[in-house]
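Both ligands and their constituent atoms are indexed starting at 1 by order of listing. Residues take their numbers from the sequence shown, with the count starting at 1.
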Amino acid sequence: MSQLTDGFGRSFPYLRLSLTEACNFRCSYCLPDGYQADGRPQFLSVAEIERLVRAFATLGMHKIRLTGGEPSLRKDLDQIIETVARVPGIRKVAITTNGCLLPRRLPGWHRAGLTALNVSMDSLRRERFHAITGHDRLPEVLEGIAMAQQLGLQSIKLNAVLLRDRNDDELPDWMEFLRERPVSVRFIELMRTGDNRNYFERHHLNADVVINQLEAAGWHLRPRAADAGPAREFTHPDYRGSFGIIAPYSRDFCKGCNRLRVTAKGDLRLCLFGDFGVALRPLLQSDEDHDALLARITTQLGLKAAGHGLHQGLTGLTPHLASIGG
Ligand code: SAM
Ligand code: SF4
């Protein structure tokens with residue numbers, strides 16, 4: 001029985017753990033000038049991660065997503081995956097990556113126990129992908145996705161941020177892409193963060209535009225499973241793949257929230273756009289602090305708010321999503 005519940009009847013079986021703030025891409029909506037290190041940051045070690053995940057699993061969490069920054073920049077990623085996959089109670093180990101290192105690293109992650117892969121891919125066109133991310137790496141990303149299919153990963157999802165005038169005319173190409181591929185493409189509405197206000201004004205596109213196009217092409221909204229997250233899923237009998245829509249500005253988005261976040265330095269964040277974090281790292285130094293760690297996590301959950309303040313332009317502590325893992 002999960003003890004990870006809040007005062008609004010939501011439960012949180014899912015943890016998103018950031019492994020690093022560093023990134024090798026320069027996505028125009030996230031880190032347009034690339035990652036700027038602040039001194040020599042020390043991100044959570046494997047031993048700290050193990051204690052953290054044991055605590056969350058004790059409280060009922062069974063799915064963990066490793067994110068960043070770019071998690072594949074961690075040299076010890078195979079070891080991290082293996083460690084968290086072995087924690088009793090953990091059933092799913094997922095990663096969110098920009099995908100450029102997949103051809104080299106995916107077999108090792110798979111051997112270590114990775115079950116699900118999310119790859120960010122904002123365009124199917126090489127020159128656009130280059131323009132949006134700052135790197136001409138679409139061929140490697142596509143090779144990595146094909147490899148994931150061959151390896152038989154349980155779940156493969158592609159994330160594309162919807163960008164007005166940058167990639168908002170590619171829906172027919174995406175449909176073709178999904179005709180024979182049993183993967184899910186998630187369109188994410190651009191979120192406003194502390195650093196991207198002007199970009200947001202220029203390129204934010206309401207996800208309803210895509211939903212209308214999907215429905216007009218015969219795609220149907222799948223009934224929402226009780227334990228589903230905030231994505232709305234669309235399927236079509238003629239296509240093996242599916243679309244998901246993640247629309248943080250839509251009504252009731254926060255009602256489906258099922259996740260907690262921990263930053264690469266060990267702060268618990270109750271909301272992507274919350275205005276406070278709670279340091280768990282001091283309690284990750286010794287196994288003797290296990291009970292105190294459980295108490296700190298459950299006490300904090302009682303403080304989780306019903307929803308974010310994005311509609312009021314409040315972006316909380318988040319300068320860009322690389323700082324917390326999206
Ligand atoms: N570097 C990895 C990647 O890009 O997949 C993991 C971290 S990234 C912050 C996680 C996800 O957040 C990516 O799919 C990215 O496209 C998305 N993202 C970043 N900034 C965003 C924003 N302002 N609005 C919506 N999605 C954003
Ligand atoms: Fe890096 Fe991911 Fe942000 Fe792109 S979205 S800059 S890949 S952290």
* Verify side-chain contact (heavy atoms from CB on, under 4.5 Å) between E143 and L102, making sure each step is shown before the conclusion. => CA-CA 8 Å; E143 186 187 336; L102 283 173; over 6 Å; no
* side-chain contact (heavy atoms from CB on, under 4.5 Å) assessment of N118 paired with R65 -> CA-CA 9 Å; N118 277 33; R65 176 173 301 285; 3.4 Å; yes
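Which parts of ligand 2 touch F25 is read off a 4.0 Å heavy-atom cut-off, strictly below it: atoms 6 (S), 7 (S). If you number the atoms of ligand 1 from 1 as listed, the ones under 4.0 Å from a heavy atom of E70 come out as 1 (N), 2 (C). Using a 4.0 Å cut-off to heavy atoms of E189, the atoms of ligand 1 that qualify are 25 (C). Ligand-side atoms of ligand 1 in range of N98: 2 (C), 3 (C), 5 (O), range being under 4.0 angstrom from any heavy atom. Less than 4.0 angstrom separates some heavy atom of A322 from each of these atoms of ligand 2: 8 (S). Using a 4.0 Å cut-off to heavy atoms of N196, the atoms of ligand 1 that qualify are 23 (N). Listed by number with element, the atoms of ligand 2 under 4.0 angstrom from any heavy atom of N98 are 7 (S). Ligand-side atoms of ligand 1 in range of T67: 6 (C), 7 (C), range being under 4.0 angstrom from any heavy atom. Every atom of ligand 1 with a heavy atom of M191 under 4.0 Å away is listed here by number and element: 22 (C), 23 (N), 24 (N), 25 (C). Atoms of ligand 1 found under 4.0 Å from any heavy atom of G69, numbered from 1 in the order shown, are 1 (N), 2 (C), 6 (C), 7 (C).
Annotation: Y29 places an N or O atom under 3.5 Å from an N or O atom of ligand 1; distance criterion only. For ligand 1, the polar-atom distance check against R16 finds no nitrogen or oxygen pair separated by under 3.5 Å.
Ring orientation note: the planes of F25 and H135 are close to parallel, at an angle under 30° on the 30°/60° scale. In this pair, W174 and F177 present their aromatic rings perpendicular. The plane angle is above 60°, beyond the 30 to 60° band.
A donor-acceptor contact shorter than 3.5 Å is absent between the side chain of R51 and the backbone of L283. Put simply, the side chain of D136 never gets that close to the backbone of H130: no donor and acceptor are under 3.5 Å apart. Using modelled atom types, no side-chain atom of E176 and backbone atom of P172 make a donor-acceptor pair closer than 3.5 Å. At distances below 3.5 Å, not a single donor-acceptor pair connects side-chain atoms of E48 with backbone N or O atoms of L284.
Using a 4.0 Å cut-off between a side-chain N of Lys or Arg and a carboxylate O of Asp or Glu, R179 and D238 do not qualify as a salt bridge. Salt bridge status for E233 with R186: present, with a side-chain N to carboxylate O gap under 4.0 Å. With salt bridges taken as basic N to acidic carboxylate O contacts below 4.0 Å, one links R125 and D173.
Using a 4.5 Å heavy-atom threshold, the side chains of R192 and R197 count as touching.
Among the atoms of C27, an N, O or S atom falls under 2.8 Å from atom 4 (Fe) of ligand 2.
Closest heavy-atom approach to atom 3 (C) of ligand 1 among the candidates S120, A22, C30: S120.
Ranking the protein heavy atoms by distance from atom 7 (S) of ligand 2 puts C23 SG, 3.4 Å first. In terms of protein heavy-atom proximity, atom 3 (Fe) of ligand 2 is nearest to C30 SG, 2.4 Å.
Contacts of T96 with ligand 1, taken as heavy-atom pairs under 4.0 Å, involve both backbone and side chain. Contact annotation for R192 and ligand 1: no heavy atom of the residue comes within less than 4.0 Å of the ligand. Heavy atoms of V161 found under 4.0 angstrom from ligand 1 belong exclusively to the side chain. Heavy atoms of N159 found under 4.0 angstrom from ligand 1 belong exclusively to the side chain.
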